[in-house]
Amino acid sequence: MGDHFFVVTGSPVDSVEIWESNAIILYLTALLPKAGMGPVAGDPQRGQYLSWLAWYGNVIEPVIAFGTAELSHPVLDVTFRGAP
């Protein structure tokens, strides 16, 4: 996967490979519910947790990348509210 972080669990026969940060967070939250990494399925706060997690990966990360690359376009400004 290049320079990306990923998690591999299990034996070589039944391993699970995960490489997106949100997917890794969700996988570990489900795999280790007692660790308290986030609300598990059935928790009333799970919906808000998932919404913030998706917002981070789908809005914040692109806005940071566009700003770092000094990209500016009206479509980006409308799509990613608050983009520089």
Side-chain angles (χ1 to χ4, degrees):
M1 290 276 101
D3 292 335
H4 297 93
F5 293 102
F6 64 95
V7 174
V8 178
T9 64
S11 70
V13 175
D14 65 350
S15 66
V16 175
E17 188 174 305
I18 306 165
W19 58 88
E20 291 294 332
S21 55
N22 286 354
I24 292 169
I25 292 167
L26 290 173
Y27 181 78
L28 292 174
T29 300
L31 183 66
L32 307 166
K34 292 181 182 178
M37 295 172 56
V40 295
D43 187 311
Q45 295 181 334
R46 179 80 168 172
Q48 187 175 16
Y49 169 74
L50 294 175
S51 295
W52 281 111
L53 188 61
W55 182 73
Y56 169 78
N58 297 331
V59 176
I60 297 299
E61 284 188 10
V63 167
I64 291 170
F66 298 147
T68 300
E70 297 181 5
L71 295 176
S72 180
H73 190 276
V75 172
L76 296 176
D77 295 342
V78 171
T79 302
F80 300 100
R81 298 167 299 285

Subject >> Close side-chain approach of His73 and Val75, heavy atoms under 4.5 Å >> reply: yes
**OP:** Identify the heavy atoms of Val40 and Pro33 that sit nearest to each other, and give their distance.
**Re:** CG1-CB, 3.6 Å
Original post:
Passes side-chain contact (heavy atoms from CB on, under 4.5 Å), Arg46 versus Thr29? Steps please.
Top reply: CA-CA 11 Å; Arg46 179 80 168 172; Thr29 300; 3.9 Å; yes
Subject >> From CD (Glu20) to CD1 (Ile18), nearest 0.5 Å >> reply: 11.0 Å
Original post:
Could you state the interatomic distance from CD1 (Ile25) to CG (Leu53), rounded to the nearest 0.5 Å?
Top reply: 5.0 Å
Original post:
Quick check: are there more than 12 heavy atoms from other residues, nucleotides or ligands sitting under 6.0 Å from CD of Glu61?
Top reply: yes
Subject >> Tyr49 side chain reached by Leu26 side chain, heavy atoms, under 4.5 Å >> reply: yes
**OP:** Considering non-hydrogen atoms only, spot the tightest contact between Pro62 and Gly57 and give its length.
**Re:** CD-O, 3.6 Å
Subject >> Approximate separation, where rounding is to 0.5 Å, of Leu50 CG and Asn22 CG >> reply: 9.5 Å
Original post:
When rounded to the nearest 0.5 angstrom, what is the spacing between CH2 in Trp52 and CD1 in Ile60?
Top reply: 8.5 Å
